[in-house]
Amino acid sequence: MDKEYVREITSRAEDYSQWYVDVATKAQLMDYAPIKGCMVFRPYGYGIWERIQGALDPRFKATGHQNAYFPLFIPESFLQREAEHFEGFVPEVAWVTRGGGEDLAERLAIRPTSEAMICHMYSRWIQSWRDLPMLLNQWCNVVRWEKATRPFLRTTEFLWQEGHTCHASEEEAEEEALRMLGVYADCLQEDLALAVIPGLKTEAEKFAGALRTYTVEALMSDGKALQAGTSHNLGQFFARVFDILYLDRDGQQKHVWQTSWGVSTRLIGALIMVHGDDRGLVLPPRVAPLQAVIVPIAPQRQREEILAAARELRDTLSGSYRVQLDDREEHSPGWKFNEWEMRGVPVRIELGPRDLAAGRVILVRRDNGEREEASNRGLPGRLGEVLDAVQDSLYRRAWAFTEKSTRVVRDMAAFQATLEQDRGLIVAGWCGDAGCEARIKGDTAATIRCLPLDGVVTPVSSALGEAKGLPCVHCGGRSGRPVVFARSY
RNA sequence: CGGGGCGUAGCGCAGCUUGGCAGCGCGCCUGCUUUGGGAGCAGGAGGUCCCGGGUUCAAAUCCCGGCGCCCCGACCA
């Protein structure tokens with residue numbers, strides 16, 4: 001293939017960070033806003049988020065959740081009630097101190113997360129065991145005044161969903177936390193074509209105030225891991241702080257058991273880094289705002305004839321697929337080929353004089369460049385097959401890459417060497433001691449990404465089997481089960 | 001919070017060392033010819049050289065101060 005146009009995008013090998021930013025901007029997913037750490041979601045990038053919402057929201061509904069919306073502002077006194085939990089994120093909170101030209105009597109935090117507000121409301125809404133479980137979710141924005149930001153991965157303001165649930169027992173809360181982790185894993189695999197590793201966070205890595213934090217981790221193509229979603233069993237910490245009590249069947253007042261869980265627009269960063277290549281973005285068909293783009297090749301003489309056929313084709317396909325006809329006159333077909341590849345559209349449909357005469361079109365896959373002819377009659381069905389094949393192929397590729405990039409190591413020398421050469425995921429024994437965990441982090445910058453869940457087949461399954469029974473990689477002490485280490489975003 | 005880079009047309013940059021007409025490429029506008037992997041020609045529009053102060057006959061350029069953005073690292077409940 002002609003790579004001349006790639007001048008627009010830095011290669012991954014040359015500078016991965018620059019490649020990432022090039023893809024995000026040149027594919028027109030985002031642009032930098034004139035506020036530090038803030039970005040604009042351009043229509044194409046926001047379209048991906050809408051597709052992610054479209055994949056997750058029905059799953060939330062199917063598991064009994066409803067959407068609601070809570071205020072952006074949180075009174076300072078609310079946050080102070082959970083002082084212990086709050087202390088850690090004070091430096092990241094933005095405050096509103098004036099309104100209507102006057103100083104406010106009480107400062108308002110711009111939510112960095114909504115536990116405080118939602119728990120306050122729950123304390124009013126929940127009286128009886130009959131009110132449980134309470135299963136709400138909200139799609140919203142949050143603000144965290146981060147010192148270092150990167151498009152999609154960590155920005156001052158970002159979009160996410162946060163589910164907040166209340167239950168009558170610890171068992172129910174645990175079940176819910178795991179159920180939603182499963183929902184994330186399923187959606188990320190099925191729709192985003194990400195190969196994820198569900199697992200438990202260590203005490204050091206868990207959400208403060210949670211009993212347990214679960215995570216889905218994914219490996220990016222530069223060998224660093226990304227926490228793609230989290231689900232917390234919050235126990236009764238917030239219930240005590242906010243007095244969320246219910247009268248049980250036995251006549252006793254009891255605190256509820258809670259969960260919270262979330263994924264954010266960070267997932268778009270994961271899509272870029274898992275599927276993208278040196279030509280730009282590669283989108284899985286199920287979350288691609290555009291699944292196919294029709295590029296007419298229309299010489300002057302047959303111009304109207306070909307454009308009419310292309311419009312008809314678009315109208316036929318648009319009932320079943322997200323398609324766009326690129327009939328811009330100011331660009332050549334070659335220019336369009338390159339641009340739509342850079343923007344990651346899964347399939348390109350070419351329609352030129354030769355195709356028109358033969359009653360067919362040309363289909364070209366973004367992920368592997370394969371081209372094929374499809375008859376007009378068979379096209380609608382064939383396009384669906386090709387899109388499925390792209391979706392499937394991207395998932396398999398992500399899985400294979402993650403599996404190939406996973407190493408079992410037995411000592412710290414091998415640990416260090418692996419990180420320096422390939423990065424990737426490291427499966428090793430760990431004694432469970434926070435001291436060993438901290439020293440490994442200090443020496444290598446790698447953290448325990450998770451303790452993988454039992455009974456879930458993932459790209460690290462065979463490595464976990466191989467590492468079974470290995471002693472702690474740091475102290476040589478007895479280890480429980482092997483864990484996954486990596487450097488991470 | 002530490003390290004590095006940058007700020008000149010919409011974007012990318014040159015010019016700064018050694019002060020002297022504000023330039024180049026892409027993009028944009030108009031017209032014509034083109035269209036199977038980033039078309040060509042002709043004409044045209046577009047500037048607070050980040051901001052403030054200083055030096056000077058003269059500052060994008062030198063000096064002082066400030067602001068902003070990006071990247072890397074640390075931090076990230």
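In what follows, every chain begins at residue 1, and chains take the letters A, B, ... in the order their sequences are listed. Atoms considered below: every heavy atom in the structure, side chains included; atoms not considered: hydrogens, waters and symmetry mates.
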A.B. asks: Please tabulate, one pair per line, each protein N/O and nucleotide N/O from nucleotides 27-32 of chain B that are separated by under 3.5 Å, including the distance.
C.D. replies:
none

A.B. asks: Scan every strand shown for a Watson-Crick or G-U wobble partner of B:C67, both distances under 3.5 Å, and answer none if you come up empty.
C.D. replies: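 Across all strands, the one nucleotide that pairs with B:C67 is B:G7.
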A.B. asks: Report yes if a side-chain nitrogen or oxygen of A:Arg150 is closer than 4.0 Å to either non-bridging phosphate oxygen (OP1 or OP2) of B:C72; otherwise report no.
C.D. replies: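 Yes, within the criterion.
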A.B. asks: Only one of A:Arg365, A:Arg348, A:Lys26, A:Lys336 passes salt bridge (charged side-chain N to carboxylate O under 4.0 Å, His left out) with A:Glu341; say which it is.
C.D. replies: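 Looking at A:Arg365, A:Arg348, A:Lys26, A:Lys336, the match for A:Glu341 under the salt bridge (charged side-chain N to carboxylate O under 4.0 Å, His left out) is A:Arg348.
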A.B. asks: Describe, in one word, how the ring planes of A:His120 and A:Phe78 are oriented to each other, choosing from parallel (under 30°), tilted (30 to 60°) and perpendicular (over 60°).
C.D. replies: tilted
A.B. asks: Begin from the C-alpha positions of A:Tyr122 and A:Phe238 and carry the test ring pair (Phe, Tyr, Trp, His ring centres under 6.0 Å) through to its verdict.
C.D. replies: CA-CA 11 Å; A:Tyr122 279 169; A:Phe238 288 95; over 10 Å; no
A.B. asks: Go ahead and name the base partner of B:U61; Watson-Crick or wobble counts if both distances stay under 3.5 Å, otherwise write none.
C.D. replies: none
A.B. asks: Distance criterion of 3.5 Å, no angle test: do you see the side chain of A:Arg154 paired donor-to-acceptor with the base of B:C76?
C.D. replies: yes
A.B. asks: Just checking A:Thr149: base, sugar-phosphate only, or nothing, at a heavy-atom cut-off of under 4.0 Å?
C.D. replies: sugar-phosphate
A.B. asks: Show me the donor-acceptor pairs within less than 3.5 Å that the side chains of residues 216-227 of chain A make with the rest of the protein, sequence neighbours left out.
C.D. replies:
residue	atom	partner	partner atom	Å
A:Glu217	OE1	A:Arg449	NE	3.0
A:Glu217	OE1	A:Arg449	NH2	3.3
A:Glu217	OE2	A:Lys201	NZ	2.9
A:Glu217	OE2	A:Thr215	OG1	2.8
A:Ser221	OG	A:Tyr16	OH	2.6
A:Ser221	OG	A:Met273	O	2.8
A:Asp222	OD1	A:Lys224	N	3.1
A:Asp222	OD2	A:Tyr489	OH	2.6
A:Gln227	OE1	A:Lys201	NZ	3.1

A.B. asks: Going by heavy atoms in the side chains, are A:His331 and A:Asp326 under 4.5 Å from each other?
C.D. replies: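 Contact flag for A:His331/A:Asp326 side chains = no.
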A.B. asks: With respect to A:Phe152, which candidate in A:Phe41, A:Trp49, A:Tyr20 satisfies the ring-ring contact (aromatic ring centres under 6.0 Å, His included) definition?
C.D. replies: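 Testing each of A:Phe41, A:Trp49, A:Tyr20 against A:Phe152, the sole residue satisfying ring-ring contact (aromatic ring centres under 6.0 Å, His included) is A:Phe41.
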A.B. asks: Across all strands, who's sitting opposite B:C41 as a Watson-Crick or G-U wobble pair, both distances under 3.5 Å?
C.D. replies: B:G31
A.B. asks: Is a donor-acceptor pair below 3.5 Å formed from side chain A:Glu339 to base B:G38, judging by atom type as modelled?
C.D. replies: no
A.B. asks: So which of residues 288-309 of chain A are in contact with RNA chain B, with a heavy-atom cut-off of under 4.0 Å?
C.D. replies: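 RNA chain B contact set from residues 288-309 of chain A: A:Ile297, A:Ala298, A:Gln300, A:Arg303.
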